[in-house]
2 protein chains.
Amino acid sequence: MAVPNATAASPLFLREPEIRRGVELLYFGYSHMTRAIDDELGLQGLGRAHHRALYFIARQPDLTVSELLKLLAITKQSLGRVLNELSARGLVEQRTGTSDRRQRLLRLTAEGAALEARLFEALREKVSAAYAQAGQGAVAGFWTVLEGLIPESERGRVVALQRER
Amino acid sequence: MAVPNATAASPLFLREPEIRRGVELLYFGYSHMTRAIDDELGLQGLGRAHHRALYFIARQPDLTVSELLKLLAITKQSLGRVLNELSARGLVEQRTGTSDRRQRLLRLTAEGAALEARLFEALREKVSAAYAQAGQGAVAGFWTVLEGLIPESERGRVVALQRER
DNA sequence: CGTTTGGGACAGCCATATTGACGTATTTAT
DNA sequence: ATAAATACGTCAATATGGCTGTCCCAAACG
């Protein structure tokens with residue numbers, strides 16, 4: 001990379017147009033990814049909030065309620081409603097913790113796992129098309145920038161997801 | 001799992017864990033970016049919907065209502081409420097279109113522009129920190145992957161934003 | 001001329017989030 | 001043994017930001 005002068009103080013890619021480009025692409029990219037599952041969710045009579053819970057429970061079986069709360073960054077009350085609905089439909093099951101019996105360990109039922117897989121399939125199509133088009137190097141950059149947007153204090157939780165499945 | 005010799009047909013970065021990583025990073029990255037402006041918005045008694053309108057009007061002065069509707073992908077009614085509130089507060093002004101007098105051309109007032117700038121500053125801090133940490137090459141990859149998530153049919157609208165400011 | 005388009009407005013509804021208070025079981029520390 | 005902290009659940013009330021359906025007007029277009 002030829003790095004011309006004056007870049008030490010403020011490289012070109014840190015100028016306002018480049019920042020705005022990132023803001024916009026992040027907005028549109030996120031929007032289109034999430035819209036990819038709205039149809040299937042609508043068929044099930046579920047919303048995006050349900051999917052987020054479903055997703056993270058799929059990702060980290062035996063997740064506790066408080067761990068899920070930290071990931072979703074919503075209130076206990078909001079999550080409670082979602083979790084009750086998912087349980088009532090037989091998509092999620094809760095077991096009492098073994099070492100700490102105050103905890104509820106969350107897992108998908110077979111039916112829940114099947115639904116999550118169906119939803120993930122729609123995400124996979126979207127994301128893998130973008131990955132394939134962009135190439136491996138671009139994907140690495142994509143990850144790196146996004147990781148930088150996550151505060152230090154929470155990065156551990158996100159990295160932990162990678163170790164699961 | 002019926003794909004034999006998966007490497008040719010599907011490179012490593014298209015496997016499930018890599019797709020999930022993208023999904024999660026996009027979710028967390030987007031979340032943290034948007035949260036960066038919630039405090040300032042709260043002070044003004046505005047919500048994220050107001051910011052999105054403010055942002056795109058800042059980006060493309062004399063934007064018409066229908067263009068803004070396409071960018072935001074919400075209904076006329078939802079946007080109407082937001083736009084009325086922004087107008088009532090003197091943050092946005094509307095002029096009648098010159099060539100087509102049915103159109104309303106949207107612009108920020110000086111006050112609106114000042115608020116948008118203040119909000120953008122919070123975004124800029126977040127994003128430029130991530131950019132700087134990741135480096136120029138990663139930023140290019142970040143853009144490329146996100147562009148791939150935007151359907152062909154809408155990519156033009158997003159690219160057009162870059163030509164404005 | 002009739003049709004289409006750009007914009008606005010009504011009522012009512014839904015999904016998802018919030019705060020604050022309170023209750024209960026369980027674990028941990030003194 | 002008791003006190004404190006933790007994990008979870010639940011109450012009521014409220015806000016935000018979407019949605020549908022319907023109707024309307026003015027201007028542009030063919």
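The basis for the numbers below is simple: all heavy atoms, side chains too, and nothing from hydrogens, waters or symmetry mates. Note on naming: letters A, B, ... go to the chains in the order of the sequence lines (proteins, then strands), and numbering restarts at 1 for each one.
Between the base of C:dA9 and the side chain of B:R81 there is no donor-acceptor pair shorter than 3.5 Å. Under 3.5 Å, the side chain of B:R102 and the base of C:dT5 form at least one donor-acceptor pair of N or O atoms. For A:Q77 against D:dT10, a side-chain N or O and a base N or O form a donor-acceptor pair under 3.5 Å. A donor-acceptor contact under 3.5 Å is not formed by the side chain of A:Q94 with the base of D:dG9. Remark: the B:K76 side chain and the C:dG6 base include no donor-acceptor N/O pair separated by less than 3.5 Å.
Contact annotation: B:R104 side-chain N/O to C:dG8 OP1/OP2 distance is under 4.0 Å. Phosphate proximity of D:dC19 to B:S78: present, with a side-chain N or O under 4.0 Å from OP1 or OP2. In this structure, B:S66 reaches the C:dG7 phosphate: one of its side-chain N or O atoms is under 4.0 Å from OP1 or OP2.
Taking atom CG on B:L69 and atom P on C:dG6, their separation rounds to 10 Å, with Å as the unit. To the nearest angstrom, P of D:dG17 lies 18 Å from CG of A:D38. Note: CD1 (A:I74) to P (D:dG17) measures 17 Å, nearest angstrom. Rounded to an integer number of Å, the gap from A:H50 NE2 to C:dC14 P is 15 Å. Taking atom CG of residue B:L83 and atom P of nucleotide C:dG6, one finds them 16 Å apart after rounding to whole Å. As rounded to whole Å, 13 Å separates atom P of C:dT16 from atom CG of A:L54. Spacing between atom CG of B:N84 and atom P of C:dC10 amounts to 9 Å, rounded to whole angstrom units. Atom pair B:L46:CG and D:dA15:C1' shows a separation of 14 Å (rounding to whole Å applied).
Proximity of A:T96 to A:L105: side-chain heavy atoms (C-beta onward) are nowhere separated by under 4.5 Å. Contact of the B:V65 side chain with the B:L106 side chain is registered, since non-hydrogen atoms from C-beta on lie closer than 4.5 Å.
Across all strands, B:G80 comes closer than 4.0 Å to no nucleic acid atom at all (heavy-atom distances). As judged by a 4.0 angstrom heavy-atom cut-off over every strand, B:T96 is placed among residues making no nucleic acid contact.
Checked by atom type and distance alone, the side chain of A:E154 never pairs as donor or acceptor with a backbone atom of A:P151 at under 3.5 Å. Side-chain atoms of A:R35 never come within 3.5 Å of backbone atoms of A:Y30 as a donor-acceptor pair (strictly under, hydrogens ignored). With hydrogens and angles ignored, the 3.5 Å screen pairs no side-chain donor or acceptor of B:R107 with any backbone N or O of B:P61. A distance-only check finds a donor-acceptor pair linking the side chain of B:K126 to the backbone of A:L149 [under 3.5 Å].
With C:dT16, D:dG17, C:dT18 as the choices, the nucleotide that has an atom nearest any side-chain atom of A:A49 turns out to be C:dT16. Nearest to the side-chain atoms of A:V65 among the listed nucleotides D:dG9, C:dT16, D:dA27 stands D:dG9.
Map A:R101 and A:A73 each onto its nearest nucleotide of DNA chain C; the residue landing nearer the 5' end is A:A73.
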